[in-house]
K.L.:
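Structure provided below as structure tokens; questions to follow.
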Amino acid sequence: MDAIFNRLRNLDAYPKINEDFYRRTFSGGIITIASSFIMLFLFFSELRLYLHAKTETRLIVDTSRGGKLHINFDMSFPAIPCSILSIDAIDVSGEQHLDIIEKPLQRHGGRLEHNETYCGSCFGAESSDDECCNSCEEVREAYRKKGWAITNQDLIDQCQREDFIQKVKDEEGEGCNIEGSLEVNKVAGSFNFVPGKSFHQSSFNFLGLFALQTSDYNVSHRINRLAFGNHYDGLVNPLDGVHWKYDKQNVMHQYFVKVVPTIYTDIGGHTVHSNQYSATEHFKSVEFGNSLSIPGVFFYYDLSPVKVTYSEEHVPFLHFMTHICAIVGGVFSVAGIVDAFIYHGQRKMKKVEIGKLG
């Protein structure tokens, strides 16, 4: 057993020196204090990184198919009243949502009660002989289905009954704030805010502007919020707060948006499926009456084939301990080298001074 212990003793990489042979110096004390502060500073830095989660980012190909895209918006139009503002959404699959805004009935009440026998005319837009249009909105809807535009609503009895024309005139000079959301197919498409009523025909989007209004429309607007999905920590919507004020009338403002599917997983394992986006813009003046270029604010969006995933993670405890050991060992070794350099340098200088004196 003694032979085994002796062999193990010979393998000791940390030989001990008798304290009587230690020599402590002033420079060594300064280096010890400085290195201790450095080790403490680096230790707390590593501890802070360990306690706070870090976000890992990965890029993968988006292999999902189908699904829906949720568009949340909050828009302000200071020069267009709500009564003549409409929202339309169209995608490449052919699905259309025209005049999405649900407006309340006017002062007259609009629609008739079930016990009334009155059947209003659709003014040539009836799809069958027994179809009735008992409100101004039903007449406009019948015209949209036919692909026609109403040129003079003063001649429509239902609009006069609802006092719709007078209401629009009363709102002239007012603005409108629209807040809501759209659920569309997860394919490329567009949605727009335009003054008037839109209808779709032969792959073109037309606009039936109110004849009772002036032909000039000021589409100055502010995007209070525009998001393609749910919010998560760190999400930045680049169009939030964008404000455009126009002095001239009849401007077509276009935003081209690239939507990037995103998955965010927090430290608790809660996953949020959302989207980021980037945007560019273009605007131009349009001539009133041109059905292919109409005043309004248009958003054209397309989906990126790449999906971004964010995941919050803690640094593993073993990595934390490895870093701490590296800090302690590294600082201790460097401090020892510096101390040895100073100590031997001082001795050399003393020997040189003694040699000169001798």
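Numbering starts at 1 and runs along the sequence shown.
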K.L.:
Check the pair E312, T55 against side chain to side chain donor-acceptor pair (under 3.5 Å), reporting the backbone distance first and the verdict last.
P.N.:
CA-CA 4 Å; E312 289 185 343; T55 302; 4.5 Å; no

K.L.:
Heavy atoms only: give me the nearest G296-P195 pair and the separation to one decimal.
P.N.:
CA-CD, 4.4 Å

K.L.:
In terms of hydrophobic clusters joined by side-chain contacts under 4.5 Å, are I342 and I38 together?
P.N.:
no

K.L.:
Side-chain contact, heavy-atom cut-off 4.5 Å: T309 with T57?
P.N.:
no

K.L.:
Would you call V219 and I80 a side-chain contact if the rule is heavy atoms closer than 4.5 Å?
P.N.:
yes

K.L.:
Does the pair C122/C132 show an SG-SG distance of less than 2.5 angstrom?
P.N.:
no

K.L.:
Which atoms form the tightest heavy-atom contact between V242 and P238, and what is the distance?
P.N.:
CG2-O, 4.0 Å

K.L.:
Under a 3.5 Å distance rule, please check whether D62 uses its side chain to pair with a backbone N or O of S64 as donor and acceptor.
P.N.:
yes

K.L.:
Any side-chain heavy-atom pair from D266 and D233 closer than 4.5 angstrom?
P.N.:
no

K.L.:
Nearest 0.5 Å, please: how far is CD1 in I263 from OG1 in T271?
P.N.:
7.5 Å

K.L.:
Are the ring centres of F77 and F193 closer than 6.0 Å?
P.N.:
yes

K.L.:
Using modelled atom types and a 3.5 Å cut-off, is there a donor and acceptor pairing between side-chain atoms of N72 and backbone atoms of G229?
P.N.:
yes

K.L.:
Indicate whether the side chain of H282 and that of Q254 have a donor and an acceptor atom separated by less than 3.5 Å.
P.N.:
no

K.L.:
Please tell me if the side chains of V139 and E141 come closer than 4.5 Å, counting only heavy atoms from C-beta onward.
P.N.:
no

K.L.:
Going through the distances and angles, do Y310 and Q276 end up as a side chain to side chain contact (heavy atoms under 4.5 Å, CB included)?
P.N.:
CA-CA 12 Å; Y310 297 107; Q276 303 177 82; 3.3 Å; yes

K.L.:
Is the count of non-hydrogen atoms from other residues, nucleotides or ligands lying under 6.0 Å from K348 atom NZ greater than 12?
P.N.:
no

K.L.:
Please verify the inter-ring angle class for Y277 with F228; under 30° counts as parallel, over 60° as perpendicular, anything in between as tilted.
P.N.:
perpendicular

K.L.:
For H319, I'd like to know if atom NE2 has over 12 heavy atoms of other residues, nucleotides or ligands within 6.0 Å.
P.N.:
no

K.L.:
Determine the interplanar angle of the F320 and F317 rings, folded into 0 to 90°, and report it as parallel if under 30°, tilted if 30 to 60°, perpendicular if over 60°.
P.N.:
tilted

K.L.:
Find the distance between CZ (F256) and CD (E281) and round it off to the nearest 0.5 Å.
P.N.:
10.5 Å

K.L.:
Verify, without hydrogens or angle tests, whether N185 (side chain) and V187 (backbone) share a donor-acceptor contact under 3.5 angstrom.
P.N.:
no

K.L.:
When rounded to the nearest 0.5 angstrom, what is the spacing between CG in L49 and CZ in F44?
P.N.:
13.5 Å

K.L.:
Pair N230, S274 - check side chain to side chain donor-acceptor pair (under 3.5 Å), show working.
P.N.:
CA-CA 5 Å; N230 299 322; S274 186; over 6 Å; no

K.L.:
To the nearest 0.5 angstrom, please state how far the OG atom of S190 sits from the OH atom of Y301.
P.N.:
7.0 Å

K.L.:
What pair of heavy atoms forms the shortest contact from P81 to C176, and how long is it?
P.N.:
C-CB, 4.0 Å

K.L.:
So N218 and N250, side chain to side chain donor-acceptor pair (under 3.5 Å) or not? Walk me through it.
P.N.:
CA-CA 6 Å; N218 189 331; N250 294 337; over 6 Å; no

K.L.:
Side-chain heavy atoms nearer than 4.5 Å, only ILVMFWY residues, links allowed to pass through others: does that put V308 and L69 together?
P.N.:
no

K.L.:
Can you tell which of L235, V260, V259 makes a side-chain contact (heavy atoms from CB on, under 4.5 Å) with N275?
P.N.:
V259

K.L.:
Decide yes or no for E46 and I324: does some side-chain heavy atom of the first lie under 4.5 Å from some side-chain heavy atom of the second?
P.N.:
yes

K.L.:
In plain terms, say whether D302 and K258 are close enough for a salt bridge, that is, a side-chain N and a carboxylate O under 4.0 Å apart.
P.N.:
yes

K.L.:
Under a 4.5 Å cut-off applied to non-hydrogen side-chain atoms, are F299 and L239 in contact?
P.N.:
yes

K.L.:
Tell me whether S35 contacts the main-chain N or O of T32 through its side chain, where contact means a donor paired with an acceptor under 3.5 Å.
P.N.:
yes

K.L.:
Under the criterion side chain to side chain contact (heavy atoms under 4.5 Å, CB included), I'd like the reasoning laid out for N177 against N224: C-alpha separation, chi angles, the key distance, then a yes or no.
P.N.:
CA-CA 10 Å; N177 179 259; N224 302 310; 3.4 Å; yes

K.L.:
Apply side chain to side chain contact (heavy atoms under 4.5 Å, CB included) to H314 and I267, showing your working.
P.N.:
CA-CA 8 Å; H314 273 309; I267 195 64; 3.8 Å; yes

K.L.:
Please determine whether side chain to side chain contact (heavy atoms under 4.5 Å, CB included) holds for the pair N192 and Y300, giving the CA-CA distance in whole Å, both sets of side-chain angles, and the decisive distance to 0.1 Å.
P.N.:
CA-CA 8 Å; N192 52 68; Y300 302 92; over 6 Å; no

K.L.:
Looking at every non-hydrogen atom in both residues, tell me the closest pair between K307 and T262 and how far apart they are.
P.N.:
CG-N, 4.5 Å

K.L.:
Nearest 0.5 Å, what's the CG-CD1 distance between N237 and I223?
P.N.:
10.5 Å

K.L.:
For the residue pair P78 and S220, what are the closest heavy atoms and their distance?
P.N.:
CD-O, 3.1 Å

K.L.:
Compare all side-chain heavy atoms of P295 with those of M252 and state whether any distance is below 4.5 angstrom.
P.N.:
no

K.L.:
When you measure from the side chain of D91 to the backbone of G94, do you find a donor-acceptor pair of N or O atoms at a distance under 3.5 Å?
P.N.:
yes

K.L.:
Just wondering, more than 12 heavy atoms not from H52 lying within 6.0 Å of its NE2?
P.N.:
no

K.L.:
If hydrophobic clusters are built by linking Ile, Leu, Val, Met, Phe, Trp and Tyr wherever their side-chain heavy atoms come under 4.5 Å apart, do L226 and L182 end up in the same one?
P.N.:
yes

K.L.:
Is there a path of hydrophobic side-chain contacts, each under 4.5 Å between heavy atoms of I, L, V, M, F, W or Y residues, that connects I30 with F341?
P.N.:
no

K.L.:
How far does CH2 of W244 sit from NE2 of H221, to the nearest 0.5 angstrom?
P.N.:
8.0 Å

K.L.:
Does R140 come within less than 4.0 Å of E138, counting only side-chain N to carboxylate O?
P.N.:
no

K.L.:
Can Y246 and H253 be counted as having a side-chain donor-acceptor contact under 3.5 angstrom?
P.N.:
yes

K.L.:
Which pair of non-hydrogen atoms, one from K186 and one from L303, has the smallest distance, and what is that distance?
P.N.:
O-CD1, 3.2 Å

